[in-house]
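See structure below.
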Amino acid sequence: MNAHLLLFLFLFVTFTGINTLTISATPQSNSSTPLHDQLSTQQKKPDNETIYKASKQLCWGCIAESLEFLFRHNLVRAAKWELPLAWDFQLEQYARWWAGQRKADCKLEHSFPENDFKLGENIYWGSGSAWTPSDAVRAWADEEKYYSYGTNSCEDGQMCGHYTQIVWKSTRRIGCARVVCDDGDVFMTCNYDPVGNYVGERPY
């Protein structure tokens with residue numbers, strides 16, 4: 001069983017209060033098997049559906065795209081044993097505002113001036129209208145191959161800041177938006193709070 005899936009099952013039970021065990025409402029008092037043994041034999045193996053449900057509990061009222069953003073981020077974080085992110089509607093509103101600003105030109109541009117980030121922010125551009133939240137998160141997460149934990153640095157000429165922001169240990173909330181621009185391309189942006197990528201600090 002994958003360790004990150006076990007972590008997500010634990011977090012799912014701890015933070016959402018949803019019981020993932022199948023338990024009889026009225027246990028038989030004459031059973032010779034201790035209750036804790038009964039419970040341990042009834043645990044379900046965590047899978048993507050479990051992670052999906054855990055993310056959904058952290059994203060009440062989300063539409064499909066928002067939930068997809070959250071689910072994909074939490075999969076990446078689970079692989080590093082980091083706490084799952086919760087959806088934040090104020091961050092989503094900010095992300096939607098910035099996506100709206102980029103709708104006319106689809107320019108791959110951050111909402112903050114360089115070196116003046118108040119929130120963490122990952123942005124994505126894709127040619128054509130078919131790009132999804134999963135595509136954006138996958139592209140950001142793929143930067144892991146350029147990141148060296150030992151030296152806490154990226155390979156020369158490569159980027160890994162999108163990846164490290166996703167898995168940043170102290171980040172707790174996320175809000176994202178996707179827009180099809182006037183030219184038919186796609187712009188996506190995610191904002192994170194608290195902000196990550198502090199110089200000299202490791203992400204996890």
Considering all heavy atoms, the nearest [X]-[Y] contact:
{"X": "S66", "Y": "R96", "result": "OG-NH2, 3.9 Å"}
{"X": "G175", "Y": "A95", "result": "O-CB, 3.7 Å"}
{"X": "C176", "Y": "H73", "result": "SG-CE1, 4.4 Å"}
{"X": "S170", "Y": "P194", "result": "O-CD, 3.2 Å"}
{"X": "N74", "Y": "L85", "result": "OD1-N, 2.7 Å"}
{"X": "V180", "Y": "V186", "result": "CG2-CG2, 4.3 Å"}

Can you measure from [atom1] ([X]) to [atom2] ([Y]) and round to the nearest 0.5 angstrom?
{"X": "F69", "Y": "I63", "atom1": "CZ", "atom2": "CD1", "result": "9.5 Å"}
{"X": "C190", "Y": "R72", "atom1": "SG", "atom2": "CZ", "result": "13.5 Å"}
{"X": "I174", "Y": "L91", "atom1": "CD1", "atom2": "CG", "result": "8.5 Å"}
{"X": "R77", "Y": "L83", "atom1": "CZ", "atom2": "CG", "result": "7.0 Å"}
{"X": "T164", "Y": "R202", "atom1": "OG1", "atom2": "CZ", "result": "12.5 Å"}
{"X": "S111", "Y": "L119", "atom1": "OG", "atom2": "CG", "result": "7.5 Å"}

Ring centre gap for [X] and [Y] strictly below 6.0 Å:
{"X": "Y94", "Y": "F112", "answer": "yes"}
{"X": "Y163", "Y": "Y146", "answer": "no"}
{"X": "H162", "Y": "Y124", "answer": "no"}

**Message:** Using a 6.0 Å distance limit plus a 45 degree cone around the ring axis, check whether R102 lies over the aromatic ring of W98.
**Reply:**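 Satisfied, under 6.0 Å and within 45°.
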**cation_pi(R178, F187) dist<6.0 Å, angle<=45** = no
**Asked** Is there a side chain to side chain donor-acceptor pair (under 3.5 Å) between E121 and N191 once you walk through the steps?
**Response** CA-CA 4 Å; E121 187 171 80; N191 290 103; 3.0 Å; yes
May I ask you to test the [X]-[Y] pair for a side-chain heavy-atom distance under 4.5 Å?
{"X": "W125", "Y": "D185", "answer": "yes"}
{"X": "N152", "Y": "P203", "answer": "yes"}
{"X": "E82", "Y": "K169", "answer": "yes"}

Should the pair [X]-[Y] be classified as a salt bridge under the 4.0 Å nitrogen-to-oxygen rule?
{"X": "D182", "Y": "K103", "answer": "yes"}
{"X": "E109", "Y": "K107", "answer": "yes"}
{"X": "R173", "Y": "E92", "answer": "no"}

Hydrophobic clusters here meaning ILVMFWY residues chained together by side-chain heavy-atom distances under 4.5 Å, can you tell me if [X] and [Y] are in one?
{"X": "Y192", "Y": "V195", "value": "no"}
{"X": "Y149", "Y": "V76", "value": "yes"}
{"X": "W140", "Y": "M159", "value": "no"}

**Request:** Using a cut-off of 6.0 Å, state whether more than 12 heavy atoms not belonging to E201 lie near its atom CD.
**Result:** yes
**Enclosure of W131 CH2 (heavy-atom neighbours >12, cutoff 6.0 Å)** =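 Counting neighbours around CH2 of W131, 12 or fewer heavy atoms of other residues, nucleotides or ligands fall under 6.0 Å, so no.
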**Request:** Evaluate the side chain to side chain contact (heavy atoms under 4.5 Å, CB included) criterion for residues H110 and I123: first the C-alpha distance (whole Å), next the side-chain angles of each, then the deciding distance (0.1 Å), finally the verdict.
**Result:** CA-CA 7 Å; H110 281 288; I123 55 176; 3.8 Å; yes
**Prompt:** In terms of the angle between their ring planes, are Y204 and Y147 parallel, tilted or perpendicular, with boundaries placed at 30° and 60°?
**Reply:**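 If you compare the ring of Y204 with that of Y147, the planes turn out perpendicular.
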